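Inspection log for the structure reproduced underneath, given as structure tokens.
What you see is a predicted model, and the numbers here were worked out from it, not measured in a lab. Atom set for the values below is all heavy atoms of this structure, side chains included, hydrogens, waters and symmetry mates excluded. As the structure lists them, so they are numbered: ligands from 1, and atoms in each ligand from 1.
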Amino acid sequence: MTTPSIDTTHVPPRFRPLMLALARGAAALAGVIRRGDTSLSAPVGTNSGGDGQKRLDIQADALFRDALRDAGLRWYASEEQDAPIAMQPGGAFALAIDPLDGSSNIDTNVSVGTIFAVYPAADRSDASFLRPARDLIAGGYVIYGPRCCLVVSFGEGTQIYTLNPDTDGFDLTDPRVTLPDCFFEFAINASNYRHWPRPIRAYIDDCLAGIDGPRERNFNMRWIASLVAEAHRILMRGGIFLYPADARKGYERGRLRMLYECAPIAFVIEQAGGRATDGALPILDGAITDLHGRTPLVFGSAEKVDRVAAYHDLPPAEVSALFGHRGLFRA
Ligand SMILES: O=P(O)(O)OC[C@H]1O[C@](O)(COP(=O)(O)O)[C@@H](O)[C@@H]1O
Ligand SMILES: [Mg+2]
Ligand SMILES: [Mg+2]
């Protein structure tokens with residue numbers, strides 16, 4: 001087997017060692033997932049965000065920490081660790097990672113992923129991570145699906161690399177992907193409908209009403225329960241994803257974490273021409289105030305994400321009116 005690598009032609013020079021290390025970690029994790037050890041979905045504990053951990057969550061965390069040892073990182077913050085870990089004292093970068101996203105899908109052989117965000121390192125770990133989300137200098141994800149792809153942005157467009165099984169290297173397959181603007185598909189966990197805030201219910205009601213409703217067209221729906229897989233589908237063909245805040249205990253700020261999940265996904269989506277908000281305001285205009293803090297997340301085609309924000313601006317009486325009255329949202 002050759003040493004895993006990535007084509008760095010379009011990677012800014014200062015990020016090359018980091019991208020090579022991430023590619024190494026991703027190729028190794030893709031190999032672990034492919035081997036299909038069924039014990040990897042066994043529950044092993046709870047992380048500080050309060051989520052159950054599976055064996056593969058822990059293994060993925062250890063694997064990336066090891067792969068990133070000499071990659072110029074000063075700090076490594078993981079969804080699976082209570083606090084950031086000090087790496088190389090002279091390192092220029094602070095990296096936040098969700099080593100395994102979508103862990104409820106491990107045992108069913110459905111796509112899972114890794115999400116990462118890179119910030120300039122400060123002397124202290126809290127100053128490195130607790131800051132405006134827009135300070136991000138690189139971010140992306142890896143999807144372990146039928147194809148393993150690494151998607152990354154360095155702030156000038158979004159690039160896609162695909163793992164070549166013959167060489168174990170990531171080839172550049174799209175140097176600048178554009179998120180299609182017009183696809184009528186939404187992704188939301190509809191089992192939580194009764195817990196959602198009114199603007200979200202109204203938006204989804206109008207999609208469900210299809211050709212007979214104010215949107216005057218039919219929509220399709222998807223829910224994979226793997227943020228990375230939804231993000232990749234939307235990047236490829238458009239549509240919208242919503243994980244709103246809801247009335248369940250512990251979901252006051254939704255489910256997804258600002259540092260490890262929402263900021264890097266928002267970065268990649270914005271850089272591909274899409275939009276990402278908390279329902280109303282851009283995710284990247286927000287601040288990271290808590291390592292494991294959460295935020296509602298809505299992202300996808302710009303026009304659809306803007307429309308969700310417009311539902312938040314409606315007066316309450318208008319939001320709760322029958323869809324037929326929301327003349328504003330026709331078409
Ligand atoms: O089970 P739910 O509430 O639909 O949540 C699914 C969401 O939770 C997540 O699995 C959370 O990520 P982790 O697996 O990293 O905890 C997202 O990938 C996904 O979008
Ligand atoms: Mg996750
Ligand atoms: Mg995770």
Salt-bridge contact Arg233-Glu185 (side-chain N to carboxylate O under 4.0 Å):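 Yes, this pair counts.
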Carboxylate-amine/guanidinium contact Arg124 Asp126, below 4.0 Å: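 A salt bridge links Arg124 with Asp126.
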Under the side chain to side chain donor-acceptor pair (under 3.5 Å) test, residues paired with Asp123 that sit two or more places apart: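 For Asp123, the residues satisfying side chain to side chain donor-acceptor pair (under 3.5 Å) (neighbours in sequence not counted) are Arg74.
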[X] and ligand 1 - part of the residue with a heavy-atom distance under 4.0 Å:
X      : result
Asn189 : side chain
Glu230 : neither
Asp101 : both

Is it true that [X] lies under 4.0 Å from ligand 1, counting heavy atoms only?
X      : result
Leu100 : yes
Ala225 : yes
Tyr260 : no

Shortest protein heavy-atom distance from atom 7 (C) of ligand 1, along with the residue and atom involved: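 Of the protein heavy atoms, Arg255 NE, 3.5 Å lies nearest.
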Identity and separation of the nearest protein heavy atom to atom 20 (O) of ligand 1: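 Looking at atom 20 (O) of ligand 1, the protein heavy atom closest to it is Leu227 N, 3.4 Å.
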Donor + acceptor pair across side chains of Asp171, Thr173 (<3.5 Å):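 Side chains of Asp171 and Thr173: no pair found under 3.5 Å.
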Heavy-atom check, side chain of Tyr193 versus side chain of Asp205, under 4.5 Å: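 Tyr193 vs Asp205: side chains touch.
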Contact check, side chains of Arg237 and Ser301, non-hydrogen atoms, under 4.5 Å: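 In short, these two side chains do not touch, never coming nearer than 4.5 Å.
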Under 3.5 Å between any N/O of [X] and any N/O of ligand 1: does that happen in this structure?
X      : answer
Ser104 : no
Gly102 : yes
Tyr243 : yes
Val228 : no
Glu261 : yes

Within less than 2.8 Å of the Mg ion (ligand 3): protein N, O or S atom count: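 Those protein atoms number 3 in total.
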Residue pairs, two or more places apart or on separate chains, that pass side-chain hydrogen bond (donor to acceptor under 3.5 Å, both in side chains) and touch residues 269-291: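 Sorted pair list: Arg134-Glu270, Arg134-Asp285, Arg275-Asp306.
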Pair Trp223 and Phe241, ring centroids less than 6.0 Å apart: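 Yes, they do, as the ring centres are separated by less than 6.0 Å.
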Check: His232 ring centroid to Tyr141 ring centroid under 6.0 Å: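 When the ring centroids of His232 and Tyr141 are compared, they turn out to be within the sub-6.0 Å range.
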Lys304 NZ/CZ over Tyr203 ring centroid, <6.0 Å and within 45° of normal: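 Ring-cation test returns no.
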Audit row: Tyr144, Thr114, side chain to side chain donor-acceptor pair (under 3.5 Å) steps and yes/no: CA-CA 8 Å; Tyr144 309 97; Thr114 297; 2.8 Å; yes
Numbering the atoms of ligand 1 from 1, which are under 4.0 Å from a heavy atom of [X]?
X      : value
Asp98  : 15 (O)
Ser103 : 14 (O)
Glu79  : 15 (O)

Salt bridge (charged side-chain N to carboxylate O under 4.0 Å, His left out) involving Arg69 - partner list, sequence neighbours excluded: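 Expected list: Asp66.
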Residues, nucleotides or ligands: over 12 heavy atoms within 6.0 Å of Arg147 CZ: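 No, because the 6.0 Å sphere around CZ of Arg147 holds 12 heavy atoms or fewer from other groups.
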